[in-house]
**Q** 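One structure is given below, represented as structure tokens, and several questions about it will come after.
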Amino acid sequence: MTAATLQNTTKIFKYSYPTCTNKEILYKLEVPVEIPHNGSTRELVQRVLKMFHIPVYLEEELNERLAQFVSEETKNFHNERDEKLLNQLKNSEINVEGIVKNWEKLFKDNVVEFAEQKGTPDEEVFAAAYHKLVHSPALETILQVENSYAKTVMNTLKNRDDDIAKLTLSQTEEMEEKMRLLNTMTTEEEINELAARHFEEQALVSGRWGSQLDALWQTQRAQHRAWLMNTLDQYQTTAALNTPSNSPIGTFSGPGGGSEPPSPPAAARLEESFTIHLGSQLKQTHNVRIVAMDLLDLCTVDHDNPTETSRRLQTSLALYSTELTGVVLLSESAPSRPSPPTTTLMAAARESTEHHFPDVEQQLREITDKVKEPADKRNTQRLKEQTENSNSGSSGNGSSNSARLRPKRNLQTGDIYVTRHSNLAEAHVVFHLIADDSSLRSGDITSRHPVILGLRNILKAACSNDITTISLPLLLRHEHSEEMTAAWCVRRAELVLKCVKGFMLEAAGWGGAEVRTLHFAVPPNTAPQVFASLANLLPSIFRISNPVKFKAPTQ
Amino acid sequence: MYIENEEDYKFAACTYFAKNHPGETCGSNGLPLTPSSITILGRAQRLLTIEHSNLCIYLDIIRGKHERIIVVAEVIGKPLKEFTTKFSFDEIKNIAKQVAEGLMFLHEQDITHRTLSQDNILLDNSGRVKLFNYGLYYMTGGGSEVSFPLGLPRYLSPEAILGGGGPAADVWTFGIILLELCIGKLWNNLKPGPILRRILTLIHATNPAERISREHDCFEKYKLVPENLKTIIEKCLKMYPSERATFKEIIHDLLDINTHALTHVKPPRGLDGCKLQYLYHWWQLAGGDIQAELKKNGLIKNSPPILSMPIAILLDGCTIGGKTGALFDGRIAKYSLDLLKSRLSHISPHDFYPLMHERKKQYDAVTLPKIIRERDTEYQFYRLLWFQRLLHGYPYTAPYIRAEAEIDIPPLVRGDVWAALLGVVGDIEEQYERIDKETPTPTDRQIDVDIPRCHQYCWLLCGSAGHRTLKRLLKAWLLTNPQYVYWQGLDSLTAPFLYLNFCNEARAFACLSAFVPKFLHKFFLKDNSAVIKEYLAKFWQMAAFHEPELATHLHAIHFVPELFAIPWFLTMFSHVFPLHKIVHLWDALLVEGPALPLFMGVGILRQLRDTLLESGFNECILLFSDLPEIDIGECVKESIEMCRSSPKSISYRRFTNEAVIKDPMDQVEISLEVLFTEISPRISLSDFFSLICQDKCCVIDIRSNLLYEKSCIEGSINVPYSGVHLGQHELRALGLHPQKVLQEAMKQKKTVVVASVEDETAQLFSDYLVKCKVPRVCILRGGIPALLINVPSLFTVPPSKNGHK
């Protein structure tokens, strides 16, 4: 606002003093001085004295004169600029209305005193209520209630799947029957007709189930909210009577009530953790872990497994805290046309009711709508630049191919969209990083590749949004494919680790939350030898912190 | 609402968010842009030093999470806005005069207020006026580092509305406030838009003040204003800044009409009489929490972050959805000292005024680790007041300061104490002024490369203000020390001084200038290899002296100090440790003198002892490439102990700033070639003599027994060199008697002095002892012959072995 008009100028400081032989002839000195002068005028005098070999007895006078000159000129500088502005105002050469509107907007948008009074939004009230309850003895009940809601949804889903499967079966049979009789009893048209009818039936059934599910979600959500607010009221009134135990986890027992031994995890997965130090003098501690697993495992909840509740418990406790958990999924498609792994995530998210945020589908729709305009703007801009570049013919090097636009897509490689979830196993936030599969398959991507830059944006977003645990695909691939040889994996992992290290160091200066735990996931079926060589990369790239050893006092 | 007494509040805090850089954050130099909050923090440091009777002192600028800035400053009384009664014209003149004084001072410092309003002019019961948070415009770089507009609409000057405005804009605002005080609040209940429009239409008025009062139907009231006050208001409310009066003129005018002086208030005693900066410091130590009160007043709101998650991030960093900028809330949270008062209530009034020559009490806290003492309210209370006294008398109190600094240095005055310890005196500002820090030199490039990598985790040093000052300091030092060149590491060495004297460049420079000759004499020569080699050799000898086993191991695996210790000593550890550790290290360094760093090196090795002993060459290299956590308190303690228990002469170095030693009793110098080969240091005759006198040494005479029996040093034992098997690293091999004597000496921590006639044998034998894990081994300089010449009285004839005839 003001910065634009503050153009500095240069003024010439003139000074003269008599030459030693002739009083009339003056030694003249001219020094250009920048106005407004930032810095000490006395220092400038010293430089002038030295540079022009001016006798020291003039020092005091020069000090005085230069200080006066600068203050005078600075005043003039301000006054002249302001006079010009005021004259323009006087002669109506200035858009007063525009200026005033601008100020009005600034005040209204940024200053409490002039802003429109708004109450606390609903979601914040609910968030506060939930956060409070979940950190109270009511936690156990909440989880139980949520679990029973989830069971209902699961049952409905199961019924739907059964129903559809049944229908499909009968349709297939019918179709096969018809096919068999083709050319004897039936014609091609009849079969086409049948296929169309089958399709319609399918759509009808899934539509019916869909609306049934929608209704179920809606009611559950409403019930859940009402019940929670009610519980909170009760809790607050009775809190004086039964003091909440400080550690809800301590009193927690599985929702089944019975203390059945936790079933061992399906298969021991390969994983290794390290505590690392970043920074040269002041060291920051982070945890990094390399795991062979499907990142979607962090999302899907296995409702039948009783140990899952502890995972869910952590997630619920942290939902409205400043220690969120994020997962990075690579996705090839736009939010409007989801494809795996986004679809798998969606299925996972819909296995139980989303009590806190809009339904995934709705979130994706909203993203599609809101992203369209800024992305289109950016794309046309980029397209223009690209054509300019190709016209000038200087784009001969390979740098341009990584940023090549995919037509008719508003989100491009390296862009990210974000969904929020309350009902996933170990994630609150999912970053969908758009990645062009073919380019990631190739062995040689550089640190300037858009997907890598996307990772940087993700870490930055994590930092400024209090996400303190983040899991990302180390190889930038969710599954193994044939070109991913051991050497390929090591090369890719090295690139990603080094870049992430750089981003983490950079993040330290951003003044947000620090990402405390980083999980690097490799595909679950990674061979143990390959995994070992990848795990070995970690201590060579990151500085592993030396454990503090306890020493018994000698003597 | 509880009853509150305004006078109880000593300071207040307000908070706002700095602007976020949109999109891709890289500057022209390829490095990430400095966050706005860092820039603000750097600029605001200067405000902390401003003291004027009409300005509230800035106490602290805190950078919170997510670009939050919290400003803590003094408060008195209450803002003009909250006074409900109308002021008399005399009162108005009094307010006007004091406000003008404050503003004049600011303008002299090239600080424009811009946000002057009735909210930040504070008035107390005795009629004293102070301006609160006058530096908002200054610290935010004219508002460019924040997203909200500065100032309130009705106090904006016409040119400020149009996007201009220099210091003269404050004169306009001053005029508006005076007018408000005379005729009542202006443009009440109007929205910003209409107010601004009205201000701009004043361009067509000949007398804006009159026009405004007419608009408010207050012309009659305005006419009642005394003529002289009216003139001042009208002089301020000129549309064109060039026509407005300056504060100097206004004060002049006010002096003419304002006769009665302010009632003199007796300076308060006790806690209220202490420096506000100290009070704030103690208050924090006592558990005072700035953020808690802000939260309570709703000035810090924490909405759950999951609710404001962005929905998409484009590749160029453009974020869609998510957080909307928090609104600027000009309210403040006030703090009283009750917490501190109750904490210090049992302290007697005498203790507020410690006497320098009085026998001092001992405080229990002295035995606790330094880090804990620095957090102890009461201990810091005594220490700060005491140091304040001592610093007040500097340079005459220099020896007292040194003696006290030996115990510890209160963090709040560390900068002052360091300067005192380094003997900084005189008009350092003028000396510093005379040095040309601007003209480009060939080293600038290297400096520019190094500075953005120097202690950048420190918020002060990573901002542009920090970078600029560090560069100026380095350039000034290089210019004043033409015999030296810029070695990488000089930046790290300068950083602690800059950190402690952020707003006092001249003193930072003076400290650096005094530090280098004392501790790093000749280290920055273009060819410093001899100096560094000597230093490292000496360090290695000290390691052998105090840690023989470790030294032997490291010798065996050829892990030499050249591989890791050069940055330690070249930067006096400032390159290897973070600032909060360096300050403790240097506290000791400045008191103990130039020999200490050698022992600090040994202290670090000692902490890693167990790991090092089981490591080979490669593991050692890896370990030192990233030094593990070192307990600095422990390291300092042990190194001081080692330093004090070692004879002075064994750490003698040739390349120091000290006078050449002439006395043969004190000489220990040997040629560098010999030094590089020796594992054990040499002890001077006089040190040896004093050790003998204190019975703190065990002398091993390795001459042949014939010579020994003729005449020997009293109390020495004879181990003829010719009979020693150098291959057998066991004391037992020396025979029963020498073994017993040596073991006894080790137990009593005696220094083992090897005396011989030839240097070679002494050297070989001392190496042998070190390999036998005997600590504190040194060689008598000049051997028996020199001692015989200089101190013949020590010699005697040994009792015959198979004695009784």
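Note on naming: letters A, B, ... go to the chains in the order of the sequence lines (proteins, then strands), and numbering restarts at 1 for each one.
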**Q** Run the numbers on B:Arg197 and A:Glu97 for salt bridge (charged side-chain N to carboxylate O under 4.0 Å, His left out), then give the verdict.
**A** CA-CA 8 Å; B:Arg197 257 181 227 114; A:Glu97 214 37 48; 2.7 Å; yes

**Q** How are the rings of B:Phe148 and B:Phe328 set relative to one another: parallel (under 30°), tilted (30 to 60°) or perpendicular (over 60°)?
**A**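 Ring orientation, 0 to 90° scale: parallel.
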
**Q** Can you say whether A:Glu80 sits under 4.5 Å from chain B via the side chain, the backbone, both, or neither, judging by heavy atoms?
**A**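 Neither part, no heavy atoms under 4.5 Å.
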
**Q** For chain B, which candidate among A:Ser71, A:Ala513, A:Ser422, A:Pro335 shows the most heavy-atom pairs at distances under 4.5 Å?
**A**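 Max contact count across the listed options: A:Ala513.
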
**Q** Side chain, backbone, both or neither: which part of A:Leu86 has a non-hydrogen atom closer than 4.5 Å to chain B?
**A**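 Contact with chain B is through both the backbone and side chain of A:Leu86.
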
**Q** Indicate the ring-plane relationship of A:Phe126 and A:Tyr130, choosing parallel, tilted or perpendicular according to the 30° and 60° boundaries.
**A**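 Aromatic pair A:Phe126/A:Tyr130 classed tilted.
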
**Q** So what's closer than 4.5 Å to chain A heavy atoms on B:Pro35: side chain, backbone, both or neither?
**A**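 When you check distances to chain A, only side chain atoms of B:Pro35 fall under 4.5 Å.
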
**Q** Looking at B:Ile195, B:Ile582, B:Leu152, which one has more heavy-atom pairs under 4.5 Å with chain A than the rest?
**A**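 That would be B:Leu152.
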
**Q** Which answer fits A:Ile367, side chain, backbone, both or neither, if we ask what part of it has an atom under 4.5 Å from a heavy atom of chain B?
**A**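 Looking at A:Ile367, backbone and side chain both touch chain B.
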
**Q** Contact part of A:Glu59 toward chain B, heavy-atom cut-off under 4.5 Å: side chain, backbone, both or neither?
**A**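 When you check distances to chain B, only side chain atoms of A:Glu59 fall under 4.5 Å.
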
**Q** Does a salt bridge link B:Lys19 with B:Glu67, judged by any charged N lying under 4.0 Å from a carboxylate O?
**A**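 Between B:Glu67 and B:Lys19 there is no salt bridge, as every charged N stays at least 4.0 Å from the carboxylate O atoms.
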
**Q** Check whether any side-chain heavy atom of A:Asn95 lies under 4.5 Å from a side-chain heavy atom of A:Ile99, and answer yes or no.
**A**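 No. Closest side-chain heavy atoms not under 4.5 Å.
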
**Q** Considering only NZ, NE, NH1 and NH2 on the basic side and carboxylate oxygens on the acidic side, decide whether B:Glu159 and A:Arg81 come within less than 4.0 Å.
**A**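 The answer is no: the pair does not qualify as a salt bridge.
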
**Q** By a 4.5 Å heavy-atom criterion (distance strictly below it), what part of B:Leu307 contacts chain A: side chain, backbone, both, or neither?
**A**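 Its backbone and side chain both get close to chain A.
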
**Q** Is the Lys NZ or Arg CZ of B:Lys191 less than 6.0 Å from the centre of A:Phe107's six-membered ring, within 45° of the axis?
**A**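 No cation-pi geometry.
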
**Q** For B:His575, is it the side chain, the backbone, both or neither that has a heavy atom under 4.5 Å from a heavy atom of chain A?
**A**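 Both backbone and side chain.
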
**Q** Could you check whether any side-chain heavy atom of A:Val70 comes within less than 4.5 Å of a side-chain heavy atom of A:Phe77, counting everything from C-beta outward?
**A**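 Not in contact.
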
**Q** Give a yes or no on whether a salt bridge exists between A:Glu506 and A:Lys460, defined as a side-chain N under 4.0 angstrom from a carboxylate O.
**A**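 Answer for the salt bridge query: no.
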
**Q** Which one, B:Glu430, B:Met239, B:Arg68, B:Arg472, leads in non-hydrogen pairs under 4.5 Å with chain A?
**A**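 Of the options given, most contacts go to B:Arg472.
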
**Q** So for A:Asn87, is it side chain, backbone, both, or neither that comes closer than 4.5 Å to the heavy atoms of chain B?
**A**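 Contact with chain B is through both the backbone and side chain of A:Asn87.
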
**Q** Which one of B:Thr246, B:Ile161, B:Leu622, B:Asp631 has the most heavy-atom pairs closer than 4.5 Å to chain A?
**A**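 Going by pairs under 4.5 Å, I would pick B:Ile161.
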
**Q** Considering only NZ, NE, NH1 and NH2 on the basic side and carboxylate oxygens on the acidic side, decide whether A:Asp466 and B:Lys65 come within less than 4.0 Å.
**A**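 Salt bridge: yes.
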
**Q** Please test B:Glu619 against B:Glu614 for side-chain contact (heavy atoms from CB on, under 4.5 Å), starting from the C-alpha separation and ending with a verdict.
**A** CA-CA 9 Å; B:Glu619 289 87 352; B:Glu614 57 200 38; over 6 Å; no

**Q** Need one label for B:Leu156: side chain, backbone, both or neither, based on atoms under 4.5 Å from any heavy atom in chain A.
**A**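 B:Leu156 touches chain A through side-chain heavy atoms alone.
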
**Q** Check each atom of A:Ile94 against the heavy atoms of chain B and say whether the ones under 4.5 Å are side chain, backbone, both or neither.
**A**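 A:Ile94 touches chain B through side-chain heavy atoms alone.
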
**Q** Is it the side chain or the backbone of A:Lys283 that comes within 4.5 Å of chain B heavy atoms, both, or neither?
**A**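 Side chain only.
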
**Q** Can you say whether B:Lys581 sits under 4.5 Å from chain A via the side chain, the backbone, both, or neither, judging by heavy atoms?
**A**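 Neither; nothing under 4.5 Å.
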
**Q** Tell me, for A:Lys84 versus chain B, whether the close heavy atoms (under 4.5 Å) come from the side chain, the backbone, both or neither.
**A**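 Answer is neither: A:Lys84 stays 4.5 Å or more from chain B.
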
**Q** So what's closer than 4.5 Å to chain A heavy atoms on B:Tyr240: side chain, backbone, both or neither?
**A**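 Contact with chain A is through both the backbone and side chain of B:Tyr240.
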
**Q** Checking B:Arg63 against chain A: side chain, backbone, both or neither under 4.5 Å from a heavy atom?
**A**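 Just the side chain, heavy atoms under 4.5 Å.
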
**Q** Under a 4.5 Å heavy-atom cut-off, does chain A meet the side chain of B:Arg468, its backbone, both or neither?
**A**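 For B:Arg468, neither part sits under 4.5 Å from chain A.
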
**Q** Under a 4.5 Å cutoff for heavy-atom pairs, which residue among A:His131, A:Glu366, A:Glu123 has the most contacts with chain B?
**A**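 Top option by heavy-atom pairs under 4.5 Å: A:Glu123.
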
**Q** Could you tell me which portion of B:Thr201 (side chain, backbone, both or neither) has an atom closer than 4.5 angstrom to a non-hydrogen atom of chain A?
**A**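 Neither part.
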
**Q** Against chain B, label A:Lys90 side chain, backbone, both or neither, depending on which of its atoms sit under 4.5 Å from a heavy atom there.
**A**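 It is both, since atoms from each part get that close.
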
**Q** Which label fits A:His432 and A:Tyr417: parallel for a plane angle under 30°, tilted from 30 to 60°, or perpendicular past 60°?
**A**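 The arrangement is parallel - the two ring planes meet at less than 30°.
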
**Q** Among A:Asn465, A:Ile416, A:Asn457, find the one that has a side-chain contact (heavy atoms from CB on, under 4.5 Å) with B:Pro310.
**A**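 Answer after filtering A:Asn465, A:Ile416, A:Asn457: A:Asn465.
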
**Q** Looking only at heavy atoms and a cut-off of under 4.5 Å, which of B:Pro304, B:Ser574, B:Ser625 has the most pairs with chain A?
**A**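 If we count pairs closer than 4.5 Å to chain A, B:Pro304 comes out on top.
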
**Q** Below 4.5 Å from any heavy atom of chain B, which atoms of A:Tyr320 appear? Answer side chain, backbone, both or neither.
**A**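 Both parts, backbone and side chain.
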
**Q** Quick check on the interface: out of B:Asp329, B:Ile203, B:Ile306, who has the most heavy-atom pairs with chain A under 4.5 Å?
**A**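 Looking at each of B:Asp329, B:Ile203, B:Ile306 in turn, B:Ile306 comes out on top.
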
**Q** Under the salt bridge (charged side-chain N to carboxylate O under 4.0 Å, His left out) criterion, do B:Arg331 and B:Asp119 qualify, and how do the steps go?
**A** CA-CA 9 Å; B:Arg331 288 179 300 146; B:Asp119 301 299; over 6 Å; no

**Q** Please classify the contact between B:His66 and chain A as side chain, backbone, both or neither, with a heavy-atom cut-off of under 4.5 Å.
**A**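 B:His66 touches chain A through backbone and side-chain heavy atoms alike.
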
**Q** If you look at every heavy atom in A:Asp82 and B:Gly166, which pair is closest and at what distance?
**A**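 That would be OD2-N, 3.7 Å.
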
**Q** Are the charged groups of A:Arg47 and A:Glu43 less than 4.0 angstrom apart, N to O?
**A**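 A salt bridge is absent here (no side-chain N lies under 4.0 Å from a carboxylate O).
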
**Q** What part of A:Ile467 gets closer than 4.5 Å to chain B, counting heavy atoms only: side chain, backbone, both or neither?
**A**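 It is the side chain, since no backbone atom gets that close.
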
